[in-house]
Asker: 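First the structure, which I've put down as structure tokens, then a few questions once you've had a look.
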Protein chains: 2
Amino acid sequence: MTSGARYDGTLEDGMAHQLRRASQAVNASWQLRSGDLTPPQFAVLQILDERGSLDQKTLGALAAVDRSTLTPLLDRLVARGLVTKNTDPDNRRRQLIALTPAGRERTALGREQAQETSRWIEELLGPDRLATLTLLLRELGDAGREQ
Amino acid sequence: MTSGARYDGTLEDGMAHQLRRASQAVNASWQLRSGDLTPPQFAVLQILDERGSLDQKTLGALAAVDRSTLTPLLDRLVARGLVTKNTDPDNRRRQLIALTPAGRERTALGREQAQETSRWIEELLGPDRLATLTLLLRELGDAGREQ
DNA sequence: TATTGTTATACTCTATAACTATA
DNA sequence: TATAGTTATAGAGTATAACAATA
């Protein structure tokens, strides 16, 4: 395989492919521990846990999930008893999404599972480089919103 | 693309979510330019262009695509006239995959399109931090193989 | 008219398991 | 028996467009 970090047009340096490979590694570690929650599902649960009840538009924006993807995603979480969906009486177009007690428990467990994955990465890269990676990924993600 | 509420960094600990958000940004940039090739499709074309004809097992390993995913992926590329599939006469269990002339052209174009995305990222992060990100992602991706 | 969310539709990725053909 | 690839199947993410209900 190639070495050297500068972009030179070869496959190993294609950002989309690298992100995909890194995601495969992290998702495998996460799924090994979480079992039954996908990353966007867990993101939704975590946001609800941190912020309380939210309408779908806000929730989707925070979790980076399209509204047409969010509907079936929430349907699955509702079916599993992790969240509830109720019409907002103040604006009947809105659906207010909230965690159930079971959802709160599952989120707490998920947080521990996420930290195990985080620890695995920290062992691999070291704490400073993990912090750097986190920062760079967030900048990239934020830039996507303005694109 | 989602819009509205802004990401405020509350999900710092979730690497899977960060990778997903960064991928959304990069994939959006890539897809804007490439139009009709997904990242794994382009990875396959690029590998074939660099290494010549390959059997599916080798190709799938290099592109990080499962064999059951690779079959329909290749079917689509064959249908579009970008690659060919031929039984290896020396081992008739194997299928040798090769680029067509049209596939070579599309790959060359894709390389230019990938560089445009790369330039966008470099403008965002600067060359040194892009190099760092590339290095960290490759380490993560490599670790996934051994997991 | 604009907004919120749902539904229909379509495509692709992802993976497990069973199967075929070949070695 | 083992290997390479296909097929069946299932589940989820992704997004566009049309739509209903509400504001």
Side-chain angles (χ1 to χ4, degrees), chain A residues 16-17 19-21 23-28 30-32 34-44 54-61 63-80 83 85-97 144 147, chain B residues 1-5 16-17 19-21 23-32 34-44 53-61 63-80 83 85-97 144:
Chain A
H17 185 243
L19 281 165
R20 188 172 149 267
R21 269 181 31 101
S23 293
Q24 283 179 341
V26 172
N27 290 171
W30 159 252
Q31 210 202 346
L32 207 67
S34 81
D36 58 355
L37 284 180
T38 64
Q41 284 172 350
F42 179 57
V44 161
L54 291 173
D55 67 288
Q56 288 187 204
K57 184 179 179 179
T58 307
L59 180 57
V65 175
D66 186 83
R67 63 180 183 173
S68 68
T69 307
L70 189 57
T71 295
L73 186 157
L74 290 175
D75 285 348
R76 286 171 219 126
L77 296 179
V78 168
R80 288 166 62 181
V83 309
K85 187 187 279 198
N86 293 294
T87 302
D88 181 350
D90 294 343
N91 184 342
R92 292 170 46 70
R93 289 175 300 187
R94 286 196 180 132
Q95 296 289 335
L96 292 178
I97 313 300
Q147 209 174 185
Chain B
M1 249 300 164
T2 51
S3 58
H17 185 244
L19 282 165
R20 189 172 146 267
R21 275 190 15 110
S23 293
Q24 283 178 340
V26 172
N27 290 172
S29 169
W30 160 251
Q31 210 201 347
L32 207 67
S34 82
D36 59 356
L37 284 179
T38 65
Q41 284 171 350
F42 179 57
V44 161
S53 182
L54 291 173
D55 68 287
Q56 288 185 206
K57 185 179 179 178
T58 307
L59 180 57
V65 175
D66 186 84
R67 61 179 185 173
S68 69
T69 307
L70 189 58
T71 295
L73 187 158
L74 290 175
D75 286 348
R76 286 170 220 126
L77 296 180
V78 168
R80 289 166 62 182
V83 309
K85 187 187 278 200
N86 292 294
T87 302
D88 181 350
D90 294 343
N91 184 341
R92 292 171 44 72
R93 287 175 301 188
R94 285 195 180 132
Q95 296 288 337
L96 292 179
I97 313 300

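Only this structure's heavy atoms are used, side chains among them; waters, hydrogens and symmetry mates stay out.
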Asker: To the nearest angstrom, how far is B:L74 atom CG from C:dC13 atom C1'?
Answerer: 14 Å
Asker: Name the residue closer to the 5' end of DNA chain D, choosing between A:T38 and A:N91 according to the nucleotide with the nearest heavy atom.
Answerer: A:T38
Asker: To the nearest Å, give me how far apart CG (A:L70) and P (C:dT6) are.
Answerer: 8 Å
Asker: Need to verify one output field. Residue with the more 5' nearest nucleotide on DNA chain C, B:R67 or B:P40?
Answerer: B:P40
Asker: Is a side-chain N or O of B:S53 found less than 3.5 angstrom from the main chain of B:I97, in a donor-acceptor match?
Answerer: yes
Asker: For the side chain of B:Q56 and the backbone of B:L70, is there at least one donor-acceptor N/O pair under 3.5 Å apart?
Answerer: no
Asker: Could you state the CG-P distance from B:D88 to D:dT3, rounded to the nearest angstrom?
Answerer: 17 Å
Asker: Describe the nucleic acid contact of B:T69 in one word from base, sugar-phosphate, nothing, applying a heavy-atom distance below 4.0 Å.
Answerer: base
Asker: If you take atom types as modelled and just measure distance, does the side chain of B:S68 reach the base of C:dT16 with a donor-acceptor pair under 3.5 Å?
Answerer: yes
Asker: Whole angstrom is fine here: how far is it from CD in B:Q95 over to P in D:dT7?
Answerer: 10 Å
Asker: Rounded to whole Å, please give me the gap between CG in B:D55 and C1' in D:dG5.
Answerer: 10 Å
Asker: Any donor-acceptor pair, under 3.5 Å, between the side chain of B:R92 and the base of C:dT22, if you only look at N and O atoms?
Answerer: no
Asker: Would you kindly give the CG-to-C1' distance between B:D66 and D:dA10, to the nearest whole Å?
Answerer: 14 Å
Asker: Does A:R20 put a side-chain nitrogen or oxygen below 4.0 Å from OP1 or OP2 of C:dT14?
Answerer: yes
Asker: Can you say whether a donor on the side chain of A:R94 sits under 3.5 Å from an acceptor on the base of C:dT4, or the other way round?
Answerer: no
Asker: Whole angstroms only, please: what is the CG-C1' distance between A:N27 and C:dA15?
Answerer: 13 Å
Asker: Please work out if B:P72 contacts a base, only the sugar-phosphate, or nothing of the nucleic acid, heavy-atom cut-off 4.0 Å.
Answerer: nothing
Asker: Does B:K85 put a side-chain nitrogen or oxygen below 4.0 Å from OP1 or OP2 of D:dA4?
Answerer: no
Asker: So, is B:K57 close to the D:dA2 phosphate, meaning a side-chain N or O under 4.0 Å from OP1 or OP2?
Answerer: no
Asker: Looking at B:Q56, I'd like to know whether one of its side-chain N or O atoms comes within less than 4.0 Å of OP1 or OP2 on D:dT6.
Answerer: yes
Asker: Can you list the steps and then say if B:D36 with B:R80 is a side-chain contact (heavy atoms from CB on, under 4.5 Å)?
Answerer: CA-CA 11 Å; B:D36 59 356; B:R80 289 166 62 182; 3.1 Å; yes
Asker: Which heavy atom in A:A64 sits nearest to a heavy atom in B:Q24, and how many Å separate them?
Answerer: O-NE2, 2.9 Å
Asker: Please give, in whole Å, the distance from D:dG13 C1' to A:Q31 CD?
Answerer: 14 Å
Asker: Could you go through the side-chain contact (heavy atoms from CB on, under 4.5 Å) check for A:R20 and B:V65 one step at a time?
Answerer: CA-CA 10 Å; A:R20 188 172 149 267; B:V65 175; 3.3 Å; yes
Asker: Between A:T71 and A:K85, what is the shortest heavy-atom contact and its length?
Answerer: O-NZ, 4.4 Å
Asker: If you only use heavy atoms from C-beta on, which nucleotide in D:dG13, D:dT6, C:dC13 is closest to the side chain of A:L73?
Answerer: D:dG13
Asker: Does a side-chain N or O from B:R76 land closer than 4.0 Å to OP1 or OP2 of C:dT12, or not?
Answerer: yes
